[in-house]
Visitor: 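The structure's right below; bear with me while I get my questions together.
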Amino acid sequence: MSDLAEEYELDYFEANGFRRMECSECGARFWTRDETRVTCGEPPCETYGFIDNPGFDEEFSLSEMREVFLSFFQERDHERVDPYPVAANRWRDDVLLTQASIYDFQPLVTSGETPPPANPLTISQPCIRMQDIDNVGKTGRHTMAFEMMAHHAFNTREDADGYAYEGEVYWKDRTVELCDTLLGELGAQLDEITYIEDPWVGGGNAGPAIEVIYRGLELATLVFMSLEQDPDGGYLLKDDNSYSKMDTYVVDTGYGLERWTWMSQGTPTVYEAVYPEMIEFLKENAEIDLSDQESAIVHDAARLSGNLDIDDVDDVEAARADIANQLGVDVTRLRRLLAPLEAIYAIADHSRTLAYMFGDGIVPSNVGTGYLSRMVLRRTKRLADDAGVDAPLDELVDMQAKRLGYSNRDTIRDVVRTELERYRETLDRGSRRVEQLAEEYAGDTEPIPTGTLVELYDSHGIQPDMVESIASEYDVAVEVPDDFYALVAKRHGEEPEEQDSNGGEGAAQFAGLPETDRLYYEDQGRLEFEAMVLEVFDREEGYDVVLDQTMFYPEGGGQPSDHGTLSTDDVTGRVTDVQIVEDVIVHSTDDNPGKGEFVRGKIDAGRRRRHMHHHTATHLVGHAARRVLGDHIRQAGAQKGTDSARLDVKHYESITREQIRQIEHVANEYVMDNASVKQEWIDRNEAEAKYGFDIYQGGIPEGEQIRLIHAQEDTQACGGTHVSRTGDVGAIKILNTERIQDGVIRLTFAAGKAAIEATQTTEQTLSEAAEVLDVSPESVPETARRFFEEWKDRGKRLEELKEELAAVRASGGGSGEEIDVGGTPAIIQHIDGDMDELRATANALVDEGHIAVLGSGVDGAQFVVAVPQGVEVNAGEVVGELAEKVGGGGGGPPDFAQGGGPDDDALTDALQAAPDVLRQVLDA
RNA sequence: GGGCUCGUAGAUCAGCGGUAGAUCGCUUCCUUCGCAAGGAAGAGGCCCCGGGUUCAAAUCCCGGCGAGUCCA
């Protein structure tokens, strides 16, 4: 299996008397100083040896431990780098959350495109691993939120060039030496440490890796990322893919801060070492008070559970039975003792997770990271309720946010409270729905079908256990199948194949052409330029022209392309679209300027100006929204047009009209400030260090150098064209807001000339409405309201009049023909009225004991037939016969039917035939 | 990014092609020293919006808007 065996033959191991051994239990290869050792030391081959027996000289708190680690590496030439946000999608678009320190440097640094912020560096990176959510609290060692302490070195091979960093900083020997030395300095017993060979594979990369185990606890993983997937590669690894060596090779280490802290304290579970105050607080709050004997059992159980190989939640039950057995305790009793504690451990961990998420600006939503935060919050709330913790959740999250040093604690609390309220509403809705369902099934012997349970969960978020508890009050059975969540997944079906957007084919023909010089960055106000035509491609309609340089802005960053003309002395082609394909800018024209010709380019000034106004305005509106709504406001998307622009921002509640007014107000203040809008080309790492990751609101640009736009106090990485002073925007008018999904609000606005036009359009609409009502514009709302009320009143009055008319018609006999049908008098009458009148008249006739057959020719031919109770005439059949004569159909209940057809000429004939029809139906 | 569910009286919901309903709340009256409660009468609906199918749409279909939920 370990075909990378030779990779582990380190000088450091040899020089320090290590030997390579094979584990007698699992067969893993490992390195140790202890010749007598037989197992690799990792559970389940061996048990925890540090509980009540700390492995370091001193006890450390979480922050003390972090400081020890970082300063150790700082003293050894590593630069200390500030942690990145837990929302990894802030700087990369392939993942949602930060799960390891190396995520900070993927993909651009690890691939060698961009230099790291420092080399070598050390960091303690907060991470969130949702996949561990079920284990938290139960295993004693899993946490969803953790800090991965690390030291990283980025190397390139001697013979490789063209990378953003060069040469070797250090590699395997130095890495192991640093780790070993750190352990030694902390007072670890060096001959108890094992270094297990465990090649790492992940995401198309691979390399040798070492797990560092001490007294049964995995303290670190040292990964030597140096291989990439390659069908022709010479290394076949455990995922059955072949790999070859890369030009870059990276030291990627991970030291779990929580585990090191735990090791230093030797508490029964990691949670007690990490959040002692919070665990105490929660225990007290939930009134968990154990006797000495019970405490002893819990303590022993914790120690033993660490020894077992619990990697998923199914194992926990089995493990618990095993532990109960070993302690000689009844398993139910053990479960009852442990459950509240496990909940408390999980609550502490989840609160920390939430503090990280909301602290870093994640907004609860039904998509993306927002959805993950919602899931964690709801789960935490359920745990707190089950465990009897009555402290408000926002307080618990705030305890963690305070400890973690977040400054936006008010917003965090507000987010938690808003989201809890939403959850409460969902639960209310859910229980009402389930109660109703249970009532339906009450008295039934059948249980509620599984399909219904799946539907309740999938569409309404109602957990099966909630259905169970409510249904039991109604004595309704519920059977939740073991594979419930698999059934839910099945409902979602196969994931659709990912479609590659085209571009692969089109890009090929532009390959080999030089990068087009982008003049539009040099002087954004210039609108004319000269250039050389490098290539012309025939298109179905028109041509694709490639120049050596251009002033034309290609579509990108949410900004549409420029239009204009390209002219030679002989030809003038209109430019209708401009695209950028791999650094080559392609102009779509309706005429061929000729390859090798000099052309004069002219930009459509009005269109460009409108785009510039809208682009700069987008930055200003975003910044204004941030000031009005809070620091968590971030762009979720944007589109700038000619007549309007739209900006999507993340926000956790719906936005009020007053807030919109404020945003508009603040944005226009920025315009009136007439501050200069500056562009700056800057080193990417420097920009990140100086302005943070919020500069990437519009997307993540490539390259070592990035372009920043400073507008007022707002700074963003942006490739668009901008005006030179905010005053040039002229005016900003917010036209509309809508909630495009949970947690995302779209602001549509117009800037400059478009703002004036939009205002004029609105005003025009209002004036027209005022004219129709013949009032001044200010009175329109009041008048409209009055008219609407009046309209409703008249509708009601009309109804009443119809009723009265019907009564008169019915009592007066009128022009109707009266016949006898099997002893019951029937009135056959032609009334030119609408359905309502016919119905009312028919009802009135029936009240007097008549059969009513009414016909109207107002809208085609329509019939109503009504029969008093107890008379054996089927109204539906009568209407069916009559309607057939006018080319239509009809029906209804036996005592009251309606119908009709398009042929109103046949109405009179049909009514004449009515007596026969009635008698026929009676006889049948 | 994808799936699913729901928009009907002030609130909660039923109706699911054929005369718009229930419960609570509201108004007035009766019973009561008063309150809780009970009795009687009544008001309150662009059945989310726009198109289509149909003799007929709250109901079926399509689109939009709004809300909720599960997943990646």
Side-chain angles (χ1 to χ4, degrees), chain A residues 89 93-96 130 365-369 371-372 374-375 378 422-423 425-433 435-437 439-440 451-452 454-463 484-499 636-637 654 736-744 746 788-789 791-793 795-796 799 802-803 806 834-844 846-847 852 855-866 875-876 879-880 882-904 906-907 910:
Chain A
N89 59 351
D93 49 19
D94 55 337
V95 292
L96 295 175
M130 296 288 295
S365 142
N366 52 13
V367 292
T369 50
Y371 178 64
L372 300 180
R374 174 168 289 172
M375 269 176 56
R378 292 183 175 191
R422 209 188 293 253
Y423 184 42
E425 280 167 18
T426 295
L427 286 182
D428 281 355
R429 248 194 312 275
S431 43
R432 278 197 303 266
R433 188 174 278 271
E435 273 166 26
Q436 224 170 305
L437 186 77
E439 254 170 67
E440 246 173 71
T452 309
V454 172
E455 150 92 24
L456 282 173
Y457 175 71
D458 199 26
S459 298
H460 305 286
I462 301 166
Q463 311 269 348
F484 179 77
Y485 290 96
L487 291 173
V488 175
K490 205 163 129 197
R491 204 159 180 254
H492 291 269
E494 300 295 311
E495 289 303 315
E497 292 287 310
E498 259 187 53
Q499 278 196 335
S654 56
N736 184 36
T737 62
E738 57 189 321
R739 207 200 66 141
I740 55 168
Q741 60 175 230
D742 207 11
V744 180
R746 170 165 296 171
F788 185 59
E789 288 301 321
W791 173 76
K792 285 201 286 189
D793 285 344
K796 279 176 224 164
E799 284 300 309
K802 281 178 188 171
E803 293 287 335
D834 59 23
M835 258 306 175
D836 284 339
E837 289 173 56
L838 296 193
R839 274 200 296 254
T841 310
N843 281 331
V846 165
D847 285 345
S856 159
V858 167
D859 185 17
Q862 291 181 314
F863 300 103
V864 169
V865 176
V879 162
L882 295 177
E884 202 178 306
K885 297 183 195 297
V886 294
D895 62 331
F896 194 97
Q898 311 162 54
D903 186 5
D904 47 6
L907 178 63

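All chains are named by letter (A, B, ...) in the order of the sequence lines, taking the proteins before the strands, and each is independently numbered beginning at 1.
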Visitor: A/Glu738 side chain: which of B/G66, B/U69, B/C46 is closest?
Guide: B/G66
Visitor: Taking only residues two or more places apart in sequence or in another chain, which ones pass side chain to side chain contact (heavy atoms under 4.5 Å, CB included) with A/Val454?
Guide: A/Thr450, A/Phe484, A/Leu487, A/Val488, A/Arg491
Visitor: Measure the distance from CG on A/Leu487 to P on B/C4 and round it to the nearest whole Å.
Guide: 17 Å
Visitor: For RNA chain B, what are the stems built from at least three Watson-Crick or G-U pairs in a row, each pair having both distances below 3.5 Å?
Guide: B:1-7 with B:65-71, B:10-13 with B:21-24, B:26-30 with B:38-42, B:48-52 with B:60-64
Visitor: Using a cut-off of 4.0 Å on non-hydrogen atoms, how would the nucleic acid contact of A/Gly892 be classed: base, sugar-phosphate, or nothing?
Guide: base
Visitor: Quick check: do A/Thr426 and A/Arg378 have side-chain heavy atoms less than 4.5 Å from each other?
Guide: yes
Visitor: Just N and O in the side chain of A/Arg739: are any of them under 4.0 Å from OP1 or OP2 of B/G68?
Guide: yes
Visitor: Any heavy-atom pair between the side chains of A/Leu437 and A/Leu456 that's under 4.5 Å?
Guide: yes
Visitor: Could you pull out the closest heavy-atom pair between A/Leu838 and A/Gln862, with the gap in Å?
Guide: CD1-O, 4.0 Å
Visitor: For A/Gln463, I'd like to know if atom CD has over 12 heavy atoms of other residues, nucleotides or ligands within 6.0 Å.
Guide: yes
Visitor: With C1' as the reference atom in both, quote the distance from B/G7 to B/C13 in angstrom, rounded to an integer.
Guide: 12 Å
Visitor: Taking only residues two or more places apart in sequence or in another chain, which ones pass side chain to side chain contact (heavy atoms under 4.5 Å, CB included) with A/Asp94?
Guide: A/Arg92
Visitor: CG of A/Leu96 versus C1' of B/C71: gap in Å, rounded?
Guide: 12 Å
Visitor: Touch check for A/Glu425, heavy atoms < 4.0 angstrom, all strands: base, sugar-phosphate only, or nothing?
Guide: nothing
Visitor: Please give, in whole Å, the distance from B/A20 P to A/Met835 CE?
Guide: 11 Å
Visitor: Set out, line by line, the N/O atom pairs under 3.5 Å between protein and nucleotides 5-8 of chain B.
Guide:
residue : atom : partner  : partner atom : Å
B/U5    : O4'  : A/Ser459 : OG           : 3.4
B/U5    : O2'  : A/His460 : NE2          : 3.1

Visitor: Closest approach of A/Ala844 and A/Ala806, non-hydrogen atoms and distance?
Guide: CB-O, 4.1 Å
Visitor: Roughly, in whole Å, what's the span from CG in A/Leu437 to P in B/C13?
Guide: 14 Å
Visitor: Closest approach of A/Pro902 and A/Gly887, non-hydrogen atoms and distance?
Guide: CD-O, 3.3 Å
Visitor: Looking across every strand, which nucleic acid part, if any, lies under 4.0 Å from A/Val367 by heavy atom: base, sugar-phosphate, or nothing?
Guide: base
Visitor: For nucleotides B/U53 and B/A41, find the distance between their P atoms and express it as a whole number of Å.
Guide: 45 Å
Visitor: Check if the side chain of A/Asp458 and the base of B/G3 share a donor-acceptor pair of N or O atoms closer than 3.5 Å.
Guide: yes
Visitor: How far, in whole Å, is B/G3 from B/U8 if one measures between their P atoms?
Guide: 25 Å
Visitor: For A/Asp834, what residues pass the salt bridge (Lys or Arg N to Asp or Glu O under 4.0 Å) criterion, not counting sequence neighbours?
Guide: A/Lys802
Visitor: Would you classify A/Gly368 as touching base, sugar-phosphate or nothing, given that sugar-phosphate means primed atoms plus P, OP1 and OP2, and contacts are heavy atoms under 4.0 Å?
Guide: base
Visitor: Test side chain to side chain contact (heavy atoms under 4.5 Å, CB included) on A/Val886 and A/Phe863; report intermediate values, then the result.
Guide: CA-CA 10 Å; A/Val886 294; A/Phe863 300 103; 3.8 Å; yes
Visitor: What residues in residues 882-889 of chain A put a non-hydrogen atom under 4.0 Å from any atom of RNA chain B?
Guide: A/Gly889
Visitor: To the nearest Å, give me how far apart OH (A/Tyr485) and P (B/C4) are.
Guide: 21 Å
Visitor: From CG of A/Asp895 over to C1' of B/U19, roughly how many Å is that when rounded to an integer?
Guide: 10 Å
Visitor: For B/A14 and B/G52, measure between their C1' atoms and round to the nearest Å.
Guide: 28 Å
Visitor: NA contact type, A/Gly860, heavy-atom cut-off 4.0 Å: base, sugar-phosphate, or nothing?
Guide: nothing
Visitor: Over all strands shown, is A/Gln862 touching base, sugar-phosphate only, or nothing at heavy-atom distances under 4.0 angstrom?
Guide: nothing
Visitor: With rounding to the closest Å, how many angstrom separate the C1' atoms on B/A43 and B/U32?
Guide: 26 Å
Visitor: For the C1' atoms, the ones on B/G64 and on B/C70, what distance do you get once it is rounded to whole angstrom?
Guide: 24 Å
Visitor: Can you name the nearest heavy-atom pair linking A/Asn366 to A/Arg374, along with the distance?
Guide: N-NH1, 4.0 Å
Visitor: May I have the distance from A/Asn366 (atom CG) to B/G3 (atom C1'), rounded to whole angstrom?
Guide: 12 Å
Visitor: Heavy atoms only, 4.0 Å cut-off, all strands: where does A/Asn843 land among base, sugar-phosphate and nothing?
Guide: base
Visitor: By centroid distance (under 5.5 Å) and plane angle (under 30°), are A/Tyr457 and B/C70 in a stacked arrangement?
Guide: no
Visitor: Between A/Arg378 and B/U69, is there a contact of a side-chain N or O with OP1 or OP2 at under 4.0 Å?
Guide: yes
Visitor: Between A/Tyr423 and A/Lys796, just flag the one whose closest nucleotide in RNA chain B comes earlier from the 5' side.
Guide: A/Lys796
Visitor: Please give the distance between the C1' atoms of B/A20 and B/G44 as a whole number of Å.
Guide: 14 Å
Visitor: Rounded to whole Å, how long is the line connecting atom CG of A/Asp834 with atom P of B/A56?
Guide: 14 Å
Visitor: By nearest heavy atom, map A/Asp793 and A/Gly899 onto RNA chain B; which one lands nearer the 5' end?
Guide: A/Asp793
Visitor: Under 4.0 Å from OP1 or OP2 of B/A67: is there any side-chain N or O of A/Arg422 that close?
Guide: no
Visitor: Would you measure the distance from the C1' atom in B/C26 across to the matching atom in B/G10 and give it in whole Å?
Guide: 8 Å
